[in-house]
Amino acid sequence: MCGRYTLKVDTSQVAARFHVPPTDVSVETGPRYNIAPSQMNPVIIADGDNHLELMQWGLIPAWSKEAKTSYSTINARVETVATASSYRKPLRRQRCLVPATGFYEWQVIGGKSGRAARQPFYFTLAQNRGAEGSAEQIFAFAGLYDVWRGADGRELHTYTIITTGGNDLVLPVHERMPIIMPREVEQRWLDPTITEPDELLALLQPYPAALMHAYPVSATVNSPANDDQHCITPLAGLGLAVLENGFAVASVV
DNA sequence: CCAGACGTTGTT
DNA sequence: GTCTGG
DNA sequence: CCAGACGTTGTT
DNA sequence: GTCTGG
């Protein structure tokens, strides 16, 4: 799954990275180290030109009676996104890019009674190492959005992130991972003239493990109230080396 | 036909 | 245990 | 995703 | 809004 991610750059850098005219950006958000569901975050949409908009993480279908859902919509499985009631139309007509610089997954450590202990890991794109502060580290998740309209006319723009099975780097930590768009696929994903589900599904592939990087982080990230550099500070220990060799990280607790 | 769901992950 | 809030 | 709440009446 | 279950 993907239930937490980072976007540690300014809105202006996001806009530049996704070809959004600076004059089009009316919102300014600072660097984020712990983006959580329900929060308002930048997403990119296109109608000929690219636009940056703030939307709420957790898709609320246009037909929903209330401005909330009784079920989770922070992620959409690629296996069912073309048929699920909540996502079928958004897949054809309301696709977006979700700008990010990294994401978190939690590895279940124990498994005894009650809720097992969990070790968070931080995942980034490997080619971005050493690109601190530059636009080079920004990538995009494949996303869908919808617009909910209340009786009083108010609009609520919401989005979801599409997930797929974990690749070899992610699997030791978690079964699933978000779909990261290769840069050359981004604009096609946004292209409103494409509405064939099969053509769109073909764009949704697991990102190659060889192009990603991961390391364990402290429990600081667990609380969405913590939103600073400490969330992505590497946790010292055996976990990193073991993980990069592709084995489970039972040694990290 | 109408009523009711519409979702994911993880855990058992 | 389960739902809500962030 | 995890953390934190989970309830009522009446009074300040 | 649209699909599934009864």
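The basis for the numbers below is simple: all heavy atoms, side chains too, and nothing from hydrogens, waters or symmetry mates. Here the structure is a predicted model, which means the values were calculated and not measured. A, B, ... follow the sequence lines: proteins, then strands. Residue 1 opens every chain.
- Contact check on A:Arg95 versus A:Glu186 returns no salt bridge, with no Lys/Arg side-chain nitrogen under 4.0 Å from an Asp/Glu carboxylate oxygen.
- We find that CG of A:Asn34 is positioned 12 Å from P of D:dC2, with the value rounded to whole Å.
- A donor-acceptor pair shorter than 3.5 Å cannot be found between the side chains of A:Asp10 and A:Ser12.
- Side chains of A:His157 and A:Gln56: no donor on one and acceptor on the other come within 3.5 Å.
- For D:dC2, one of the phosphate oxygens OP1 or OP2 lies less than 4.0 angstrom from a side-chain nitrogen or oxygen of A:Arg118.
- Taking the P atom of each, B:dC6 and C:dT4 are spaced 16 Å apart, rounded to whole Å.
- In this structure, CZ of A:Arg4 is placed 8 Å from C1' of C:dG6, rounded to the nearest angstrom.
- A continuous path of Ile, Leu, Val, Met, Phe, Trp and Tyr side chains, each step under 4.5 Å between heavy atoms, connects A:Met40 with A:Val147, placing both in one hydrophobic cluster.
- For A:Pro224, the side-chain atoms get nearest to C:dG6 when compared with the rest of B:dG7, C:dG6, B:dT9.
- Contacts between residues 77-96 of chain A and DNA chain E, defined by a heavy-atom separation below 4.0 Å, involve A:Ser85, A:Arg88, listed by number.
- Put simply, the side chain of A:Trp148 reaches to within 4.5 Å of the side chain of A:Arg154, judged on heavy atoms.
- Taking the 5.5 Å centre cut-off and the 30° plane limit, the aromatic side chain of A:Tyr71 is not classed as stacked on B:dG7.
- For A:Ile74 and B:dT8, the CD1 to C1' distance is 7 Å, given to the nearest whole Å.
- Linking Ile, Leu, Val, Met, Phe, Trp and Tyr whenever their side-chain heavy atoms come within less than 4.5 Å leaves A:Phe103 and A:Leu171 in two separate clusters.
- Taking the P atom of each, D:dC2 and B:dT12 are spaced 14 Å apart, rounded to whole Å.
- Comparing the C1' positions of C:dG1 and D:dT8 gives a spacing of 22 Å, expressed to the nearest Å.
- A donor-acceptor contact shorter than 3.5 Å links the side chain of A:Thr83 to the backbone of A:Thr80.
- Judged by distance alone, the side chain of A:Asp227 and the main-chain N or O of A:Asn34 form a donor-acceptor pair under 3.5 Å.
- Put simply, CG on A:Leu59 is 16 Å from P on E:dG1, counting in whole angstrom units.
- With rounding to whole Å, A:Trp57 atom CH2 is found 12 Å from D:dC2 atom P.
- Whole-Å rounding puts the A:Ile60 CD1 to C:dG5 C1' distance at 13 Å.
- Per the geometry, CD belonging to A:Glu66 stands 16 Å off C1' belonging to C:dG5, to the nearest Å.
- With centres under 5.5 Å and a plane angle under 30° as the test, the ring of A:Tyr5 is not stacked against the base of D:dC1.
- Between B:dT9 and A:Thr163, a contact under 4.0 Å exists linking OP1 or OP2 to a side-chain N or O.
- Taking atom P on both nucleotides, D:dT9 is separated from B:dC1 by 44 Å, rounded to a whole Å.
- Only at 4.0 angstrom or more do the heavy atoms of residues 145-152 of chain A sit from any atom of DNA chain E, so none qualifies.
- A:Asn41 pairs in a side chain to side chain contact (heavy atoms under 4.5 Å, CB included) with only one of the listed residues (A:Ile35, A:Leu7, A:Thr29), which is A:Ile35.
- The distance from atom CD1 of A:Ile138 to atom NZ of A:Lys8, rounded to the nearest 0.5 Å, is 11.0 Å.
- Each of C:dG6, B:dG7, B:dT9 was ranked by its minimum atom distance to the side chain of A:Ser72; first place goes to B:dG7.
- Note: CG (A:Asn41) to P (D:dC1) measures 17 Å, nearest angstrom.
- Between A:Tyr5 and A:Phe141, the distance separating the two ring centers is shorter than 6.0 angstrom.
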> Do A:Asn226 and A:His230 pass the side-chain hydrogen bond (donor to acceptor under 3.5 Å, both in side chains) test, and can you show the C-alpha distance, the side-chain angles, and the key distance before you say yes or no?
Replying inline: CA-CA 8 Å; A:Asn226 300 325; A:His230 190 41; over 6 Å; no

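- Counting non-hydrogen atoms of other residues, nucleotides and ligands closer than 6.0 Å to CD of A:Glu79 gives a total above 12.
- If you check every strand for non-hydrogen atoms under 4.0 Å, A:Ala62 touches nothing.
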> Dot-bracket for DNA chain B: what is it, with Watson-Crick or G-U pairs under 3.5 Å, [ ] where a pair crosses earlier ones, and | for a pair to another strand?
Replying inline: ||||||......

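- Between the base of C:dG6 and the side chain of A:Ser38 there is a donor-acceptor pair shorter than 3.5 Å.
- You'll find that the side chain of A:Asn222 is closest to D:dC2, out of B:dT9, D:dC2, B:dC6.
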